[in-house]
Number of protein chains: 2
Amino acid sequence: MESKFLPHIAYDSVIFGFSGEALKILIMEYHNTGMFALPGGFVYQDEDLNTAVKRGLRERTGLDDIYLEQFYTFGDLARFQPEVMERILRANEQDFAGWEWLMDRFISVSYYALINYRDVVPQPDALSDSCDWYPVKELPELILDHSKIVAKALETLRLNLDRKLIGGNLLPEQFTMQELQTVYEAILDTKLHRSAFQRKLLASDQLIRHEKRFTGKAHKAPYLYSFKR
Amino acid sequence: MESKFLPHIAYDSVIFGFSGEALKILIMEYHNTGMFALPGGFVYQDEDLNTAVKRGLRERTGLDDIYLEQFYTFGDLARFQPEVMERILRANEQDFAGWEWLMDRFISVSYYALINYRDVVPQPDALSDSCDWYPVKELPELILDHSKIVAKALETLRLNLDRKLIGGNLLPEQFTMQELQTVYEAILDTKLHRSAFQRKLLASDQLIRHEKRFTGKAHKAPYLYSFKR
DNA sequence: TATTATTGTAACATTGTGCTACAATAATAA
DNA sequence: TTATTATTGTAGCACAATGTTACAATAATA
């Protein structure tokens with residue numbers, strides 16, 4: 001049986017979310033294997049690559065209109081390990097017929113996505129027990145070169161953070177300056193100076209200031225902000 | 001006949017050189033078609049993607065150890081135009097047997113390279129009349145989405161230029177500050193301020209100053225510089 | 001009404017960059 | 001030998017961006 005997918009071509013997505021404390025990504029666990037991997041998928045013969053990735057993200061998160069960026073394509077021979085896919089299929093008691101194409105060599109076009117953690121109920125796929133959030137600092141061991149993919153995603157995200165002011169994609173529509181700063185600190189893994197951060201973001205002319213948020217705490221209430229579109 | 005290459009996967013390379021006047025890239029012209037394209041190629045079944053690209057660069061330029069960076073993978077359906085490859089093969093009076101795989105859909109992993117213009121005698125491949133330098137501002141019409149690929153390469157190069165100080169790869173081992181500035185101006189397509197440029201590059205602590213270069217002109221002789229390794 | 005914690009912003013120091021000016025100098029002309 | 005010319009290396013000043021400290025404003029509580 002022929003696959004409807006383009007042979008040899010896969011994508012993997014590093015889906016970032018922010019819990020309020022830590023920067024996390026979505027990781028899938030395959031049935032009965034203890035094997036962890038990035039959510040990924042394949043491209044239909046009659047489908048754009050980017051469309052395929054958006055389709056996969058929708059299936060995994062339920063969200064459309066996600067901030068998404070392609071960052072690297074991994075094509076080393078070392079990522080060709082048919083025994084890994086074989087073990088996953090066996091553990092799923094899958095009939096191998098029709099799945100031979102999965103045992104081929106693949107290159108992985110990799111993307112990272114930034115989403116609002118609270119908007120998502122992660123959905124495992126047919127081969128997986130779970131699709132769950134893991135702090136980037138406490139990831140389980142991942143199959144193939146997926147750890148390298150995560151590292152490169154994080155590196156690219158950090159480089160792009162200032163240039164594109166994309167941190168807000170990890171927060172709800174409205175947020176306080178303190179919350180935004182915490183996101184930046186989690187991504188960059190450094191402390192930032194409150195005053196300079198606030199001044200820089202306000203000077204960037206990309207924020208809209210809304211009403212204050214009263215939390216009931218015994219101190220001045222912070223303004224809420226949102227990004228201009 | 002089976003191809004020894006990974007089906008559906010191609011690479012294209014945007015090879016930048018600097019003539020002393022203008023920023024140029026290598027473009028191939030296919031026999032008897034008036035069709036122009038980026039140098040590219042395919043990946044052997046038992047070869048790393050990056051290795052394949054380096055192999056292709058060596059064939060086209062004769063150089064090893066080239067500054068090379070992957071910047072994007074193009075996977076739109078719109079780049080699937082079998083009639084283009086068909087026309088190229090026909091013009092070469094090729095027997096189609098054994099070349100059917102070329103008429104398939106491909107995604108293109110794209111790289112840019114920076115090389116020393118003077119070191120290279122560009123080599124056409126079997127299907128091409130010529131492999132020649134064209135100023136990026138005066139490119140012929142290119143097949144498929146190759147113009148888009150060039151545009152994205154240039155955009156990425158500009159973004160990376162400051163961060164990585166890679167401009168020197170377009171020059172001989174030793175160069176004057178004036179030559180380096182001209183390269184930067186050609187890439188960025190803007191005039192830079194001599195004084196600020198010199199101060200910034202010297203402060204970057206990445207240059208070694210050598211002896212002066214005496215050109216016989218009636219003015220102060222400039223120092224030669226090279227980049228630290 | 002005083003206290004507490006946090007926020008918004010001013011103020012100053014430091015660094016980076018745009019811009020101008022000028023002395024140094026390699027060859028040529030007088 | 002000396003003046004001239006074009007270009008180079010660098011200093012100096014203005015202005016912008018950022019690091020750092022300080023402080024007034026304020027929402028709730030004691």
Side-chain angles (χ1 to χ4, degrees), chain A residues 20-21 158-168 171-172 174-228, chain B residues 20-21 158-168 171-172 174-228:
Chain A
E21 315 273 299
R158 283 174 179 158
L159 285 172
N160 287 341
L161 190 58
D162 257 30
R163 194 158 51 73
K164 304 191 178 177
L165 286 181
I166 50 184
L171 290 172
Q174 296 196 3
F175 47 83
T176 66
M177 203 55 88
Q178 167 60 31
E179 288 167 340
L180 187 59
Q181 184 179 335
T182 309
V183 167
Y184 273 69
E185 289 177 342
I187 294 175
L188 299 172
D189 197 21
T190 53
K191 283 283 166 199
L192 300 175
H193 292 278
R194 185 179 65 89
S195 180
F197 182 82
Q198 173 131 337
R199 182 179 47 197
K200 179 168 156 177
L201 268 285
L202 291 178
S204 78
D205 193 42
Q206 304 212 40
L207 293 181
I208 305 169
R209 178 178 283 182
H210 303 280
E211 73 286 6
K212 294 182 173 185
R213 172 195 282 169
F214 298 88
T215 57
K217 298 285 177 59
H219 55 73
K220 194 173 178 178
Y223 288 105
L224 287 168
Y225 298 88
S226 65
F227 278 97
K228 292 181 181 171
Chain B
E21 315 272 297
R158 284 174 179 157
L159 286 172
N160 287 341
L161 190 58
D162 258 30
R163 192 158 53 72
K164 304 190 179 178
L165 287 181
I166 51 184
L171 290 172
Q174 296 196 3
F175 46 83
T176 66
M177 204 52 93
Q178 168 60 31
E179 288 167 341
L180 188 59
Q181 183 179 337
T182 309
V183 167
Y184 273 69
E185 289 177 341
I187 294 174
L188 298 172
D189 197 22
T190 53
K191 282 282 165 200
L192 300 175
H193 292 277
R194 185 179 64 91
S195 179
F197 182 81
Q198 173 131 337
R199 182 178 46 197
K200 180 168 156 178
L201 267 287
L202 290 179
S204 79
D205 193 42
Q206 303 213 39
L207 292 182
I208 304 169
R209 178 179 281 182
H210 302 280
E211 73 286 5
K212 295 183 173 184
R213 172 195 283 167
F214 298 89
T215 57
K217 297 286 178 57
H219 55 72
K220 194 173 178 178
Y223 288 106
L224 286 168
Y225 298 89
S226 66
F227 278 97
K228 291 182 183 170

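Chain A is the first sequence line, chain B the second, and so forth, proteins listed ahead of strands; every chain is numbered from 1. The figures that follow rest on heavy atoms only: side chains count, while hydrogens, waters and symmetry mates do not.
Here the side chain of A/R158 pairs a donor or acceptor atom with the backbone of A/I187 at under 3.5 angstrom.
Pairing each heavy atom of A/L207 with each of A/K228, the nearest pair is O-CE, 4.0 Å. Contact detail for B/G167 and B/L161: the closest heavy-atom pair is N-CD1, 3.9 Å.
Among C/dT25, D/dT10, C/dT7, the nucleotide with an atom closest to any side-chain atom of B/K212 is C/dT25. When the nucleotides C/dG8, D/dT10, D/dT18 are ranked by their closest atom to the side chain of A/K200, D/dT18 comes out on top. Which of D/dT20, C/dT7, D/dA27 sits closest to the side chain of A/H193 comes down to D/dT20. Comparing C/dT17, C/dA5, D/dT21 against the side chain of B/R199 picks out C/dT17 as the nearest. Side-chain proximity of A/A218 to C/dT20, D/dA27, D/dA6: nearest is D/dA27.
Along DNA chain D, the nucleotide nearest A/F197 and the nucleotide nearest A/F214 are compared for position; the residue whose nucleotide lies closer to the 5' end is A/F197. Comparing A/P222 and B/S195 by the nucleotide of DNA chain C that holds the closest heavy atom to each, the one mapping nearer the 5' end is A/P222. Take the nearest nucleotide of DNA chain D for B/K220 and for A/H219: the residue whose nucleotide is more 5' is B/K220.
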One pair to check against side chain to side chain contact (heavy atoms under 4.5 Å, CB included): A/R199 and A/H193. What are the steps and the verdict?
CA-CA 10 Å; A/R199 182 179 47 197; A/H193 292 278; over 6 Å; no
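Note: NZ (A/K217) to P (D/dA25) measures 24 Å, nearest angstrom. If you take CG of A/L192 and P of D/dT20, they are 11 Å apart, rounded to a whole angstrom. Summarising the geometry, the separation between NZ on B/K191 and C1' on C/dG18 is reported as 17 Å, rounded to the nearest angstrom. Look at OH on A/Y223: it is 10 Å from C1' on D/dT26, rounded to the nearest Å. Whole-Å rounding puts the A/L201 CG to C/dT9 P distance at 13 Å. Taking atom CG of B/L202 as the reference point, atom P of D/dT8 lies 14 Å away to the nearest angstrom. Atom CD in A/Q198 sits about 17 Å away from atom C1' in D/dA17, given to the nearest Å. If you take CZ of B/R213 and P of D/dT8, they are 11 Å apart, rounded to a whole angstrom.
Residues A/Q181 and A/L201 are not in side-chain contact: their nearest non-hydrogen atoms beyond the backbone lie 4.5 Å or more apart. In this structure the side chain of B/R163 never reaches within 4.5 angstrom of the side chain of A/R163, judged on heavy atoms.
Only one option out of A/Y225, A/F227, A/Y184 pairs with A/F175 in a ring pair (Phe, Tyr, Trp, His ring centres under 6.0 Å); it is A/F227.
Not one side-chain nitrogen or oxygen of B/R209 sits closer than 4.0 Å to the OP1 or OP2 atom of D/dT8.
You'll find a donor-acceptor pair under 3.5 Å spanning the side chain of B/R194 and the base of D/dG9, going by distance alone.
DNA chain D contains the following stems of three or more consecutive Watson-Crick or G-U pairs, with both distances under 3.5 Å: C:1-30 with D:1-30.
Across all strands shown, B/A221 has heavy atoms under 4.0 Å from sugar-phosphate atoms exclusively, and none from any base.
Taking B/Y223 as the reference, nothing meets the ring pair (Phe, Tyr, Trp, His ring centres under 6.0 Å) condition, with sequence neighbours excluded.
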